[in-house]
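Shown next, in structure tokens, is the structure this report addresses.
Lettering follows sequence order; numbering is per chain, from 1.
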Amino acid sequence: MALLEAKELTKSFGGLWAVNKLNFKIDEGDIVGLIGPNGAGKTTVFNLVTGFIRPNRGRVFFRGLEITGLRPSKIVAKGIARTFQLSTFFSEMTVLENLLVALHLQANQLAPIPYQFIKTQYIRQKEKEIYRSASDLMDFVGLIFYENEKAKNLPHGLQRLLSIAIVLASNPHILLLDEVTSGMNAEEVNSTLGLLREIHRRGKTLLLIEHNMRVAMSLCDRVIVLNYGKKIAEGTPEEISNNEQVISAYLGTGKEFA
Amino acid sequence: MQNKIEKGFWGFLTSIFLMVLAPAFVNTGYSTLVLSWVCLNCVMAASMRFVMLTGHVNFAYGGFVGIGAYTSALLVMRAGLPLCFAVLIAGIVCAIVALGFGLPTLKLKGAYFFMASFGFAEVIRIIFHYFFIDLFGGVDGITGIPYPGSVLGISFDPKRGWGYYYLILLICSLSLWVLYQLEHNTRLGKILMSIQQSESLAESVGITPMTYKVMGFIIGSFFAGVTGSLYSHLIGVIAPEDFTFMFSVYILMYVVIGGKGNFFGPPVGAAFLTFISSFWLKALGFWESVAFAVVMLITILFLPEGLAMLPARISSLLHGIRKTIIEDGENGTT
Amino acid sequence: MTSQLIFNGLMLGAVFSLVALGLVLIFSVMNVVNFAHGEFYTMGGFMAFFIFQNLFVKTLGWPHLFSYFIVLLMTMVLIGTVGFVIEKAIMSSFRDDLLMGMMATIALSIIFSMGMASIFGAGTVQVFHPVPGVMSVLGARVSRGRMFIMIMAVFMCGVLTLFIHKSRLGKAMRACMLNPEVAQLQGINYNFISALGFGIGCALAAVAGLLVVPSCSLNPFVGGGYLMKSFIIVIIGGLGSLPGTIVAGFILGFFESFGSFYFGQPVVILLSFVLIIVMLIVRPQGLMGRAE
């Protein structure tokens with residue numbers, strides 16, 4: 001049974017087909033890339049899968065159970081987490097505060113809000129646990145020294161690391177990452193690749209939207225190519241690089257391969 | 001950031017201290033009335049802003065204050081309840097009404113919510129004006145609301161007005177403290193801030209925005225009810241026309257002029273404007289509201305962060321001037 | 001009686017639509033909820049009082065209908081310009097900030113209403129109608145004045161619709177409503193269009209005031225009531241949709257006409273509010289608004 005599956009997923013905006021009868025399957029442990037020219041509908045796919053937009057047609061399944069049209073907060077609880085292209089973190093809050101909020105699901109399990117107002121020993125204990133989880137996350141991505149920095153004051157590369165920490169906070173099975181390396185220099189891209197590989201090694205499935213071909217090709221086992229909302233190719237990175245349709249879809253946009 | 005909050009905190013304590021001492025210096029009934037006003041307006045401004053943390057502005061706030069006022073007046077006059085209970089129940093009643101209003105409307109986008117709350121303010125006024133006249137008193141409202149005679153055995157002297165003033169000061173300080181704690185030291189506060197900064201991101205970590213917006217709205221409205229109750233016993237007369245949209249606008253003006261980005265902005269704005277309007281602008285009478293409107297317009301055009309940020313702005317301005325002078329001195333002025 | 005009510009509903013509907021269209025236009029083009037909108041309605045009314053009645057008719061002695069149309073044009077141009085200038089001077093700073101823009105319009109509404117009260121007095125004034133008398137329509141006796149109002153209001157709505165859909169400026173405005181950034185890339189001057197939109201929106205409200213005032217009385221504070229009605233219409237019709245506004249305007253017009261007769265004003269307002277709450281729960285985007 002596939003971990004994440006989309007069947008005939010379709011979304012139109014006033015006559016414009018952003019996503020057109022898309023089918024794909026992601027199995028547990030995969031690293032799949034989602035690529036395509038600008039406007040191909042990649043972020044819309046993320047929005048559809050994670051409940052931010054309702055599809056016109058088609059369905060989404062997670063572990064065989066239908067999740068089409070569920071609210072985003074419910075979908076996160078099931079184990080699908082995503083990042084955004086913009087607003088990837090809470091700009092006015094510190095790194096620590098960002099993660100304390102991001103650990104919402106864990107915090108809620110330990111102590112739902114109304115109980116929090118009664119500051120008993122029990123509550124204090126739970127707060128320490130959350131703090132520990134936040135520290136672990138910051139440690140993992142390498143932000144531990146920036147604990148009390150306001151997120152908006154961080155350099156761009158570190159902000160990206162913060163968004164990765166945030167998406168890990170909900171302890172998901174599958175991470176949907178939307179152009180997580182954009183704006184990074186080569187060194188930052190390399191260390192992010194290492195981070196993503198480590199995340200994968202720890203048992204997470206990854207679905208990445210990428211414009212950086214080097215990242216997509218070197219990291220992913222499999223690549224899905226979208227153009228005008230339709231899947232035009234799917235296969236290993238080598239197969240995709242040599243695919244005529246894919247090359248012609250990218251021609252004229254000035255993108256280079258590898 | 002820590003520094004600013006600490007400064008604000010000390011400023012807060014100092015203000016409370018001054019407020020406690022004030023009646024010793026100004027002995028007129030009017031002055032104590034003004035001081036009571038200041039306390040109430042500070043809490044109203046702060047709780048209005050608390051609701052604004054959810055991203056919505058409640059134009060029916062005045063109506064909620066009215067609900068608190070009417071509830072408390074009726075409880076004390078008809079049911080013979082002691083003041084402390086009346087205040088509490090008034091707050092709870094407001095919270096319940098807020099729940100009823102908030103559930104269908106808080107999920108709307110900003111503009112729609114503004115319009116809906118504007119309409120709700122009208123509805124509240126109409127209900128108090130035209131319906132249940134035997135209970136609410138119609139257009140004349142309720143008169144002769146008793147000044148609290150005693151609380152917990154300490155009796156108040158209505159002529160000097162000190163006793164009730166201290167009670168109001170106590171309740172208001174407590175309310176401000178609670179609101180501050182809620183905003184800065186609880187998860188609810190952090191969650192509300194996160195929803196305001198990026199609602200989609202908040203959703204993507206599992207937060208259901210509606211739950212917390214409703215919570216914030218209820219809490220803000222609770223304090224509207226509390227202040228409404230205290231207000232009704234202070235003034236003694238309440239009428240439907242006292243609690244309209246314009247009331248909410250005034251509170252909003254305190255918030256905006258004081259500075260909506262910071263917890264201490266609205267109380268500062270409220271205190272400052274209440275003092276000014278009570279002692280100086282009253283002479284303008286008719287033009288008082290225009291003066292307020294002009295001040296607000298100027299503030300949002302030229303000082304959007306509000307008055308509370310003025311010290312910071314001035315100090316950074318002075319700092320910049322100092323730096324320039326020093327640099328010119330070092331380089332030799334051109 | 002019923003036909004009277006129907007006719008009244010039509011008239012009210014046309015007028016409400018006109019006012020609400022102005023509000024929706026302003027919101028669609030520059031993302032501002034214009035709390036001063038009611039005050040522009042009042043201004044139109046005072047144009048009728050001051051310029052039409054006092055200047056043209058009483059002082060100059062010009063014939064009624066002719067002067068009325070002149071005042072109509074004057075109102076559109078004058079109030080439109082006032083709106084244009086206000087947008088440029090004040091509102092343009094708040095294009096991105098819904099709350100601050102609203103606060104600015106609230107401040108303006110206070111300044112305007114108080115200003116008008118100080119100039120014209122806080123009391124109620126009456127303006128007589130350029131088209132007096134009654135006529136017979138489908139067997140009912142209706143006042144010709146009200147017929148005139150309805151026809152004019154419908155006409156103005158039509159003019160606006162034509163402008164928005166056929167003229168170059170109108171198309172530019174629609175582009176800005178859909179996507180200001182892309183519109184600017186296409187070479188449209190967003191600053192100008194915003195100011196123009198605000199000016200036109202205010203002018204529409206003023207024209208409505210000018211039309212209606214001769215049939216009803218006028219005081220500096222009538223604006224608030226029309227503001228509230230516009231809000232109700234906008235919520236029912238859908239904020240982004242102009243045709244939805246017109247439909248909702250007529251719905252409210254009939255609602256008011258029949259409701260006022262059978263239940264009285266306060267109940268009507270209460271019921272309208274209940275109606276919008278129901279609307280918001282059942283169909284939050286309005287009758288014809290775009291679903292998010």
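By the neighbour-count criterion of 12 heavy atoms within 6.0 Å, atom CZ of B/F85 is sparsely surrounded, having that number or fewer from other residues, nucleotides or ligands. In B/K107, the NZ atom is crowded: over 12 heavy atoms of neighbouring residues, nucleotides or ligands sit closer than 6.0 Å. For A/F61, the CZ atom is densely surrounded, since the number of other residues' heavy atoms within 6.0 Å is greater than 12. The local environment of OH in A/Y146 is sparse, with at most 12 non-hydrogen atoms from other residues, nucleotides or ligands closer than 6.0 Å.
Side chain of B/Q197 to backbone of A/E92: a donor-acceptor contact under 3.5 angstrom is found.
Taking OG of B/S194 as the reference point, atom CG of A/L100 lies at 11.5 Å (rounded to 0.5 Å). In this structure, the separation between NE2 on A/H104 and CZ on B/R187 is 5.5 Å, given to the nearest 0.5 Å. Remark: A/F90 CZ to B/S198 OG distance equals 6.0 Å, nearest 0.5 Å.
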Distance-only donor-acceptor hits, side chain of residues 201-208 of chain B, under 3.5 Å, sequence neighbours excluded:
residue, atom, partner, partner atom, Å
B/S204, OG, B/L201, O, 2.7
B/T208, OG1, B/T211, OG1, 2.8

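For A/F52, the part sitting under 4.5 Å from any heavy atom of chain B is the side chain, from C-beta outward, and nothing else. Neither the backbone nor the side chain of A/S163 comes within contact range of chain B; no heavy atom of the residue lies under 4.5 Å from a heavy atom of that chain. Both the backbone and the side chain of A/A102 have a heavy atom closer than 4.5 Å to some heavy atom of chain B.
Ranked by heavy-atom pairs shorter than 4.5 Å toward chain B, the options A/L86, A/V101, A/V167 are led by A/V101.
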